[in-house]
Trainee: 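Take a look at the following structure, please.
Below, read A as the first sequence line, B as the second, and so on, with proteins coming before strands; counting in each chain starts at 1. This structure is a prediction, so every number in the text was calculated from the model and none was measured.
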Amino acid sequence: MRLQQKLSSDFYTRPDVVTIARDLIGKYFFSSFDGVLTGGMVVETEAYSGTSDAACHAHLGRRTKRTQIMYEQGGVAYVYLIYGIYSLFNIVTNAEGTADAVLIRAIEPIEGIEEMRLRRGLAKVEPRLTAGPGLVTQALGISTQHNGTQLSGSEIWFEDRGMLVPEDQIIAGPRVGVAYAGADALLPWRFSLKGSRWVSKANPKYPQ
DNA sequence: GCAATGATAGGCT
DNA sequence: GCCTATCATTGCC
């Protein structure tokens, strides 16, 4: 058994996106562009559950140029632009024809910290490096051009490095910034690692 | 330290 | 023309 095992298609094609989002806490997220390796341990995720979830871009079966990638078989990247500025990175999960995805909200930096600091334009290493979905993509050099990237490839991937996270170390709570979704905004589909300083700060606009 | 505000572009009606 | 799965900056309200 290898110590560093890239997550395979089987991990992403499972049917329960909420389980996958929880399982991703403690896994490792990397990018490698032009030989520059950057990434770290996933400490915060959110699940978006296809056509039945009012917070999901594919709600009610919506199919647009933007959302079509969500209907692919699990194991590809869904990257979209939010507020005209930030790229948000998601993993498409489940079978072809479903539209589930997991948003990566925060990581603990492990590899290529100096390169990530430069990409973020920070003077020092602090939570602002990777504690937020728009910050993780900046730190890893990911943008909307990476929409559709296969996670089985060599540019963007996830690894299991044997980190075992006890269930009681994972916090479940409502997702961030989805107040428009009505009752679905209350679903406890945001997961984070208890006690990690690298989890994004709660948005005071949406108190829990 | 904190709340209020502005940036900025594409999806959608 | 409005809204957005956000974050940096401003100003102390």
Side-chain angles (χ1 to χ4, degrees), chain A residues 12 17-18 20-22 24-25 29 42-72 74 76-94 98-107 109 116-149 156 171-192 197-208:
Chain A
Y12 306 113
V17 67
V18 177
I20 295 173
R22 190 190 297 112
L24 279 162
I25 302 295
F29 179 27
V42 178
V43 296
E44 185 180 357
T45 63
E46 282 177 0
Y48 288 85
S49 184
T51 58
S52 62
D53 176 6
C56 183
H57 291 161
H59 186 221
L60 302 180
R62 187 184 292 144
R63 265 183 200 265
T64 65
K65 189 172 183 204
R66 179 173 74 156
T67 64
Q68 65 181 0
I69 195 72
M70 300 185 78
Y71 293 86
E72 296 288 310
V76 299
Y78 168 42
V79 187
Y80 73 96
L81 196 68
I82 186 71
Y83 298 108
I85 310 173
Y86 299 104
S87 298
L88 267 54
F89 177 91
N90 304 255
I91 302 169
V92 174
T93 70
N94 209 337
T98 66
D100 299 351
V102 176
L103 171 67
I104 303 299
R105 289 193 55 88
I107 68 170
M116 293 195 285
R117 188 184 64 77
L118 292 173
R119 283 176 179 156
R120 290 279 299 111
L122 296 179
K124 60 186 182 106
V125 174
E126 55 183 307
R128 283 165 65 215
L129 189 66
T130 55
L135 307 184
V136 170
T137 53
Q138 265 187 22
L140 269 67
I142 293 172
S143 65
T144 53
Q145 66 178 314
H146 300 107
N147 189 47
T149 300
I156 302 172
I171 298 170
R175 294 170 292 182
V176 176
V178 296
Y180 60 87
D184 285 351
L186 303 176
L187 294 167
W189 286 359
R190 170 180 180 240
F191 299 99
S192 60
R197 66 189 287 248
W198 300 100
V199 171
S200 72
K201 283 194 287 187
N203 188 333
K205 251 162 76 180
Y206 305 100
Q208 302 202 7

Trainee: Just to confirm, is there a sub-4.0 Å distance from OP1 or OP2 of C/dA5 to any side-chain nitrogen or oxygen of A/R190?
Mentor: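 A/R190 to C/dA5 OP1/OP2: no side-chain N or O under 4.0 Å.
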Trainee: Atom CG of A/L122 to atom P of C/dC7: distance rounded to whole Å?
Mentor: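 From A/L122 CG to C/dC7 P: 13 Å.
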Trainee: Less than 6.0 angstrom from the centroid, inside 45 degrees of the normal: does A/R66 satisfy that with respect to the ring of A/Y78?
Mentor: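 No, cation not above the ring by the 6.0 Å, 45° rule.
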Trainee: Go through A/D100 and A/Y48 one step at a time and tell me if the side chain to side chain contact (heavy atoms under 4.5 Å, CB included) criterion holds.
Mentor: CA-CA 6 Å; A/D100 299 351; A/Y48 288 85; over 6 Å; no
Trainee: With pairs taken as Watson-Crick or G-U wobble and both distances under 3.5 angstrom, which stems of at least three consecutive pairs involve DNA chain C?
Mentor: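 If one scans DNA chain C for consecutive Watson-Crick or G-U pairs, the stems found are B:1-7 with C:6-12, B:9-12 with C:1-4.
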Trainee: Give the C-alpha distance, both sets of side-chain angles, the deciding distance and a yes or no for ring-ring contact (aromatic ring centres under 6.0 Å, His included) between A/F89 and A/Y80.
Mentor: CA-CA 7 Å; A/F89 177 91; A/Y80 73 96; over 10 Å; no
Trainee: Hey, mind stepping through A/V79 and A/N90 against side chain to side chain contact (heavy atoms under 4.5 Å, CB included) and telling me if it holds?
Mentor: CA-CA 6 Å; A/V79 187; A/N90 304 255; over 6 Å; no
Trainee: For A/T45 versus A/V102, what's the shortest heavy-atom pair and its separation?
Mentor: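 Minimum heavy-atom contact is CB-CG1, 3.8 Å.
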Trainee: NE2 of A/H59 versus C1' of C/dC3: gap in Å, rounded?
Mentor: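 Roughly 17 Å, once rounded to whole Å.
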Trainee: Provide, to the nearest angstrom, the distance between the OH atom belonging to A/Y48 and the C1' atom belonging to C/dT4.
Mentor: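 Roughly 11 Å, once rounded to whole Å.
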Trainee: Nearest-Å distance, CZ (A/R62) to C1' (C/dC3)?
Mentor: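 So the two atoms are 12 Å apart, to the nearest Å.
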Trainee: Tell me whether the OP1 or OP2 atom of B/dG11 has a side-chain N or O from A/T67 closer than 4.0 Å.
Mentor: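 Answer no for this pair, as no side-chain N or O of A/T67 is under 4.0 Å from OP1 or OP2.
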Trainee: What's the closest nucleotide to the side chain of A/P133 if the choices are C/dC7, C/dA5, C/dA8?
Mentor: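 The answer is C/dC7, which lies nearest to the side chain.
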Trainee: Answer yes or no: does a side-chain N or O of A/Y83 lie under 4.0 Å from OP1 or OP2 of B/dG10?
Mentor: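 No, no such contact exists.
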Trainee: With the side chain of A/I85 defined as its heavy atoms from C-beta on, choose the nearest nucleotide among B/dT8, C/dT6, C/dA8.
Mentor: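 Of the candidates, B/dT8 comes closest.
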Trainee: Below the 4.0 Å mark, does C/dA8 have OP1 or OP2 next to a side-chain nitrogen or oxygen of A/R120?
Mentor: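 A/R120 to C/dA8 OP1/OP2: side-chain N or O found under 4.0 Å.
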Trainee: Taking the side chain as every heavy atom from C-beta outward, state whether A/S49 and A/W189 have any pair of such atoms under 4.5 Å apart.
Mentor: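 The answer is yes, as the side chains (C-beta and beyond) meet within the 4.5 Å cut-off.
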Trainee: OP1 or OP2 of B/dG11 sitting under 4.0 Å from any side-chain N/O of A/H57?
Mentor: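 Checking A/H57 against B/dG11: no side-chain N or O falls below 4.0 Å of OP1 or OP2.
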Trainee: A/Y180 has an atom OH; how far is it from atom C1' of B/dG11, in whole Å?
Mentor: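 Rounding to the nearest Å, OH of A/Y180 and C1' of B/dG11 are 13 Å apart.
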Trainee: Can A/R120 and A/Q138 be counted as having a side-chain donor-acceptor contact under 3.5 angstrom?
Mentor: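 Yes, A/Q138 and A/R120 have a side-chain donor paired with an acceptor closer than 3.5 Å.
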Trainee: Give the rounded distance in Å between these two atoms: CD of A/Q138 and P of C/dA8.
Mentor: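 Interatomic distance, CD of A/Q138 to P of C/dA8: 7 Å.
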Trainee: Starting at CG of A/L88 and ending at C1' of B/dG10, how long is that distance when rounded to a whole Å?
Mentor: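 That distance rounds to 14 Å.
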Trainee: Could you state the atom-to-atom distance from CG of A/L81 to P of B/dT8 in whole Å?
Mentor: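 Nearest whole value for this atom pair: 12 Å.
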Trainee: Checking contacts here: which listed nucleotide (C/dA5, C/dA8, B/dG11) is nearest the side-chain heavy atoms of A/T64?
Mentor: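 Selected nucleotide (nearest to the side chain): B/dG11.
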